[in-house]
2 protein chains.
Amino acid sequence: MKLSGGVEWALHCCVVLSRASAPVPSARLAELHGVSKTYLAKHLQALARAGLVRAAEGRDGGYALTREPAAITVLDVVEAIDGDQPAFRCTEIRQQGELALPPEECRVPCGIARVMAEAERSWRRSLAGTTIADLGASLDPARLDRVLGRG
Amino acid sequence: MKLSGGVEWALHCCVVLSRASAPVPSARLAELHGVSKTYLAKHLQALARAGLVRAAEGRDGGYALTREPAAITVLDVVEAIDGDQPAFRCTEIRQQGELALPPEECRVPCGIARVMAEAERSWRRSLAGTTIADLGASLDPARLDRVLGRG
DNA sequence: GCGTGCATACTCGGATATAAGCTGTCCGAGTAGAGGGGG
DNA sequence: CCCCCTCTACTCGGACAGCTTATATCCGAGTATGCACGC
């Protein structure tokens with residue numbers, strides 16, 4: 001199991017945006033973090049599709065958060081980048097092969113699927129317990145504006 | 001994020017092995033579940049490398065569990081198939097680019113990495129709370145032996 | 001009748017092709033702002 | 001002095017290759033069993 005590397009980039013970008021006083025272009029965000037500009041742009045598009053950020057076009061445009069940082073959880077960002085499909089997908093093996101169960105015994109979900117789903121719920125609940133505001137608390141807005149202003 | 005499809009196969013196989021009275025060949029396990037024989041064999045090798053099952057060679061050989069089913073957790077199987085590396089790997093973005101932090105401020109792990117690691121711990125803890133014995137409770141050993149005996 | 005040796009068929013194990021998804025890149029469409037000209 | 005038009009430069013957005021990883025497969029090495037033979 002591997003999480004897309006873009007998740008880390010997107011989280012750092014959201015933290016920066018939460019403390020920025022004006023929209024920040026995607027190329028600028030890439031420079032701030034030392035990552036690929038074009039590839040980061042792709043992930044920012046995903047954040048925009050999920051409704052977490054809004055793109056301002058034209059000169060002096062860029063990305064900005066659509067909500068208060070305290071209203072955006074880490075889970076929101078992870079799902080925007082990595083998709084909201086569960087990591088484990090039950091293929092109903094219990095109904096296949098020689099050991100197949102009759103359909104009347106398959107009204108309730110497979111026990112294996114239940115365990116995996118419950119674990120993912122724990123994972124999501126944990127991620128939803130931290131917001132962008134929490135992560136951005138240690139970032140000095142003055143320092144950010146100074147770095148952004150020079151650009 | 002996507003979990004290897006082999007995890008589901010491996011879990012079902014472990015449940016069968018926990019209720020079987022003799023070693024079961026990999027080809028037989030594949031027929032029981034209606035999946036690819038050769039590919040399942042690959043995953044069973046992974047279980048053997050992890051020490052969860054033991055392969056008996058030669059005629060009437062096959063796979064058997066090495067421990068009591070109650071001593072094998074779902075997490076053990078997941079890590080055997082999918083690897084024990086964390087899904088999120090911090091690349092220390094905070095130390096790269098124009099917004100890089102000085103090394104003396106990076107003694108403690110990055111806040112983002114901490115959140116992701118804690119979520120994975122919750123996920124693993126949940127998976128470790130169920131054993132193969134729990135999953136196999138609903139499988140009738142008599143029926144299994146009947147299906148295996150016909151082979 | 002019993003022990004031994006052998007042939008056999010069955011098992012696993014690793015090395016090998018194929019497909020999918022993530023990673024990374026490029027160029028075109030659209031827009032907000034700045035500057036110049038006219039009223 | 002104010003308003004309007006144009007022009008430019010900058011932004012995003014989707015379409016296009018490269019590469020690592022997961023998926024699926026094949027064939028060879030090794031071994032426990034069953035049988036035949038000799039004692």
Side-chain angles (χ1 to χ4, degrees), chain A residues 1-10 13 17 20 22-31 33-64 66 78 80-83 85 87-89 91 93 148 151, chain B residues 1-10 13 17 20 22-31 33-66 78 80-83 85-89 91 93 148 151:
Chain A
M1 187 174 58
K2 186 165 172 289
L3 207 55
S4 168
V7 168
E8 185 182 9
W9 300 7
C13 286
L17 293 180
V24 184
S26 69
R28 201 82 193 84
L29 285 169
E31 289 172 355
H33 298 119
V35 300
S36 161
K37 299 177 185 175
T38 52
Y39 191 31
L40 178 63
K42 190 181 186 64
H43 290 309
L44 290 171
Q45 289 171 26
L47 290 181
R49 272 193 295 271
L52 297 179
V53 301
R54 179 159 202 85
E57 297 185 346
R59 180 166 171 170
D60 292 350
Y63 285 97
T66 57
V78 170
I81 300 296
D82 205 69
Q85 291 200 340
F88 180 89
R89 243 164 305 177
T91 61
I93 283 183
L148 282 172
Chain B
M1 187 175 59
K2 187 165 171 292
L3 208 56
S4 167
V7 169
E8 184 182 9
W9 299 8
C13 286
L17 293 180
V24 184
S26 69
R28 202 81 193 83
L29 285 169
E31 289 173 355
H33 297 119
V35 299
S36 161
K37 298 176 185 174
T38 53
Y39 192 30
L40 177 63
K42 190 181 186 62
H43 290 309
L44 290 171
Q45 289 172 26
L47 290 180
R49 271 192 295 271
L52 297 180
V53 302
R54 178 158 202 87
E57 299 184 344
R59 179 166 172 169
D60 292 351
Y63 285 98
L65 296 182
T66 57
V78 169
I81 300 297
D82 206 67
Q85 290 200 340
F88 180 89
R89 243 165 305 177
T91 62
I93 282 183
L148 282 173

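Chain A is the first sequence line, chain B the second, and so forth, proteins listed ahead of strands; every chain is numbered from 1.
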Can you tell me how far apart [atom1] ([X]) and [atom2] ([Y]) are? Round to the nearest 0.5 Å.
{"X": "B:Leu52", "Y": "B:Leu17", "atom1": "CG", "atom2": "CG", "value": "10.5 Å"}
{"X": "A:Cys13", "Y": "A:Leu44", "atom1": "SG", "atom2": "CG", "value": "5.0 Å"}
{"X": "B:Ser4", "Y": "B:His43", "atom1": "OG", "atom2": "NE2", "value": "4.5 Å"}
{"X": "B:Trp9", "Y": "B:Ile81", "atom1": "CH2", "atom2": "CD1", "value": "10.5 Å"}
{"X": "A:Leu47", "Y": "A:Arg54", "atom1": "CG", "atom2": "CZ", "value": "14.0 Å"}

| note | The contact string for nucleotides 25-36 of chain C, one letter per nucleotide 5' to 3', using protein heavy atoms under 4.0 Å with B, S and - for base, sugar-phosphate only and none, comes out as BB---BBS-S--
Please report the distance, rounded to the nearest Å, between [atom1] in [X] and [atom2] in [N].
{"X": "B:Tyr63", "N": "C:dT11", "atom1": "OH", "atom2": "C1'", "result": "9 Å"}
{"X": "B:Lys2", "N": "C:dT23", "atom1": "NZ", "atom2": "P", "result": "15 Å"}
{"X": "B:Gln85", "N": "D:dT20", "atom1": "CD", "atom2": "P", "result": "16 Å"}
{"X": "A:Trp9", "N": "C:dC22", "atom1": "CH2", "atom2": "C1'", "result": "11 Å"}

| Minimum heavy-atom distance between B:Pro25 and B:Gly61, given as atom pair plus value |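 Closest pair (atom of B:Pro25, atom of B:Gly61, distance): CG-O, 3.7 Å.
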| Do B:Lys37 and B:Glu31 come close enough that some side-chain heavy atom pair is under 4.5 Å? |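 Yes, side chains in contact.
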| request: Would you indicate whether the side-chain heavy atoms of A:Arg89 and B:Lys2 approach each other to under 4.5 Å? | output: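 Yes. Closest side-chain heavy atoms under 4.5 Å.
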| task | Considering just the side-chain nitrogens and oxygens of B:Ser26, establish if one lies under 4.0 Å of OP1 or OP2 belonging to C:dT11. | result |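 No, because none of the side-chain N or O atoms of B:Ser26 sits under 4.0 Å from OP1 or OP2 of C:dT11.
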| said: Under 4.0 Å, counting only non-hydrogen atoms across every strand here, what does B:Gly6 touch: a base, just sugar-phosphate, or nothing? | reply: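 It contacts nothing in the nucleic acid.
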| Which residues within residues 43-56 of chain A lie with some heavy atom under 4.0 Å of an atom in DNA chain C? |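 By residue number: none to list.
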